[in-house]
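Worksheet: the structure to be examined is printed underneath.
Bear in mind that the values here come from a model prediction, so they are computed numbers and not experimental data.
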There are 2 protein chains.
Amino acid sequence: MARMSADARRAELLAAALRVMSRDGVAAGTTRAIAAEAGMVLATFHYCFRSRNELLRELIIMLAGIEREAARAAMQPGRNIRETLRQAVDGYLEHLEKNPGHEQVLFELNHHALRTPELRDLADEQYRQYYESATMLLTTAAELAGVEWQVEMPVLARMVVTMIDGATTTWLVDHDTDRTRAALDVMLDYVATLTKPARRPRQGSA
Amino acid sequence: MARMSADARRAELLAAALRVMSRDGVAAGTTRAIAAEAGMVLATFHYCFRSRNELLRELIIMLAGIEREAARAAMQPGRNIRETLRQAVDGYLEHLEKNPGHEQVLFELNHHALRTPELRDLADEQYRQYYESATMLLTTAAELAGVEWQVEMPVLARMVVTMIDGATTTWLVDHDTDRTRAALDVMLDYVATLTKPARRPRQGSA
DNA sequence: GTCTATAATGGGATAGAC
DNA sequence: GTCTATCCCATTATAGAC
């Protein structure tokens, strides 16, 4: 593990941290465990990062960005708003089943940040990105389905984050995708009714 | 701190653990910190509990029971099912505002249990009690309002737990009760529509 | 830049005096 | 039963040889 730019090693340590923490939890992500997972000696960790908290900062920011891109990629046109939303939910549940540890780590990091003064601001930032993702997703879904939302977007976005958060915490306990989907479906069918046909938004018409 | 029955000291240690962890997080609830909070020396901790995990077991069971009783106490007759549910939600938000650390600890303990083989079963048990509480609450609310649910109770109960879980995780980040209530209100208005007037359930009629 | 070795701290648990 | 003292381990972080 000789020649490697400082940035490359930082990236490798972040990836290693995510692997360890997804597998065994944030608490198990000690500097030693992360360095070992990355195939480096402990001293290299502290050569690349001033402290464990500095790595955690970058890790949270990185993960929030990944979630954001995943949400963006999840949107596909459906027959109507109900189908469009349902596809997005199915995409999320599929991701959740494939990477349970990944979503679990996001909760653990958030709770750790909430309790750590040095990282407290990241808890806010994490959810700011969630709300942004939800807003983007709802806006895109409405456009694809040719409808407009009848509830103010901030309320709607918070509802979506609330539902996804709750669905995730419950799923993480029993891994029961069918029941999770059933609960989400009932709620989504309702969300889909909070729309009206769009007055076709022409080229900047009055 | 002389004369005190073993049971009393166990109870006192559990209470101390809850205080410390509510204030500073589960991770800060070391055996030393808990013993100090209870005004005991460390050795007393291990005289009362075989290990820290044994205390955590009892703590989770105790807390789940408290939440259960709180849910039971929250029910009051309202003008209709919508009002009845809204009162229950207001009661919960009030509790959340008064004891943020308490709800935070429940999440932290659940996540800790999910990652700790020795405590893994408690994560299931915790949510089993949540679902039971939700079922009880929904059943009572319907009775008080004279309606019947039109969706199977398991799905309905999971929806409620999902909404409360999500509302709590989001609230814990920004402590924005108004926005949390706004999101819940929209969803609850919907839940209230999933009913039909009850065919008066006389004395065991056919 | 990279590694070995170690400092400094704090944790869970227990031995053994009283 | 209760306390002091301590064991033993893991952690973050760094000093200093190469």
Side-chain angles (χ1 to χ4, degrees), chain A residues 1-14 16-21 23-60 105 108-109 111-113 115-119 122, chain B residues 1-14 16-21 23-60 105 108-109 111-113 115-119 122:
Chain A
M1 213 46 71
R3 298 307 123 65
M4 232 180 147
S5 79
D7 276 0
R9 273 173 308 166
R10 281 171 71 92
E12 175 54 32
L13 281 168
L14 283 169
L18 179 55
R19 285 199 301 276
V20 172
M21 294 182 182
R23 196 169 58 232
D24 304 321
V26 167
T30 64
T31 53
R32 283 177 149 80
I34 294 168
E37 175 81 22
M40 305 177 188
V41 295
L42 177 58
T44 306
F45 182 103
H46 287 287
Y47 180 80
C48 295
F49 292 96
R50 193 193 315 273
S51 68
R52 181 172 183 262
N53 274 346
E54 188 182 302
L55 173 131
L56 289 181
R57 283 198 79 84
E58 300 216 2
L59 187 59
I60 295 175
V105 162
E108 291 174 355
L109 284 174
H111 287 151
H112 178 68
R115 295 287 197 185
T116 309
E118 197 179 339
L119 302 175
L122 287 182
Chain B
M1 213 47 71
R3 300 304 123 67
M4 230 181 150
S5 78
D7 276 0
R9 274 174 306 166
R10 282 169 70 93
E12 176 54 31
L13 281 168
L14 283 170
L18 180 54
R19 286 199 300 276
V20 171
M21 293 182 183
R23 197 168 59 231
D24 304 322
V26 168
T30 64
T31 53
R32 286 177 152 82
I34 294 169
E37 175 82 19
M40 305 176 188
V41 296
L42 177 58
T44 306
F45 183 102
H46 286 288
Y47 180 80
C48 296
F49 292 96
R50 193 194 315 272
S51 67
R52 181 172 182 263
N53 274 346
E54 189 183 302
L55 173 131
L56 290 180
R57 284 198 78 85
E58 300 216 3
L59 188 59
I60 295 176
V105 162
E108 291 174 356
L109 284 174
H111 287 150
H112 178 69
R115 295 289 197 184
T116 309
E118 197 179 340
L119 302 175
L122 288 182

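B:Leu119 places a side-chain heavy atom less than 4.5 Å from the side chain of B:Leu122. Taking 4.5 Å as the limit, some side-chain heavy atom of B:Met40 sits within range of a side-chain heavy atom of B:Arg9. A:Phe49 is not listed as a side-chain neighbour of A:Thr31, based on a closest heavy-atom distance of 4.5 Å or more. For the pair B:Ile34 and B:Glu37, the minimum side-chain heavy-atom distance is 4.5 Å or more. A:His111 is not listed as a side-chain neighbour of B:Val105, based on a closest heavy-atom distance of 4.5 Å or more.
Of the listed nucleotides (C:dA13, C:dA15, C:dT2), C:dA15 has the atom at the smallest distance from the side chain of B:Ala43. Closest to the side chain of A:Val41, out of C:dC3, D:dT14, D:dG1, is C:dC3. For A:Thr44, the listed nucleotide lying nearest its side chain is C:dC3; candidates were C:dT14, D:dC3, C:dC3. Picking from D:dT2, D:dA13, C:dA13 the nucleotide with the shortest atom distance to the side chain of A:Thr31 gives D:dA13.
Between the CG atom of B:Asp24 and the P atom of C:dG11 there is a distance of 12 Å, given to the nearest Å. In this structure, B:His46 places its NE2 atom 5 Å from P of C:dA13, rounding to the nearest Å. Rounded to whole angstrom, the span from the CG atom of A:Asn53 across to the C1' atom of D:dT11 amounts to 13 Å. Across the protein-nucleic acid pair, B:Phe49 atom CZ and D:dG1 atom C1' stand 17 Å apart, rounded to whole Å. Distance CZ (A:Phe45) to P (D:dA10): 19 Å, rounded to an integer number of Å. Taking atom OH of A:Tyr47 as the reference point, atom P of C:dG1 lies 4 Å away to the nearest angstrom. In this structure, B:Leu42 atom CG and D:dG1 atom C1' are separated by 16 Å, rounded to whole Å. If you take CZ of A:Arg10 and C1' of C:dG1, they are 16 Å apart, rounded to a whole angstrom.
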Worked check of salt bridge (Lys or Arg N to Asp or Glu O under 4.0 Å) between B:Glu118 and B:Arg52: CA-CA 11 Å; B:Glu118 197 179 340; B:Arg52 181 172 182 263; over 6 Å; no
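Side-chain N/O atoms of A:Arg9 include one lying less than 4.0 angstrom from OP1 or OP2 on C:dT2.
Where pairing requires Watson-Crick or G-U contacts shorter than 3.5 Å, the helical stems of DNA chain D with at least three consecutive pairs are C:1-18 with D:1-18.
Counting distance only, with no hydrogens placed and no angle test, the side-chain atoms of B:Arg52 and the base atoms of C:dG11 include no donor-acceptor pair under 3.5 Å.
Under a 3.5 Å cut-off, the side chain of B:Glu108 and the backbone N or O of B:Val26 do form a donor-acceptor pair.
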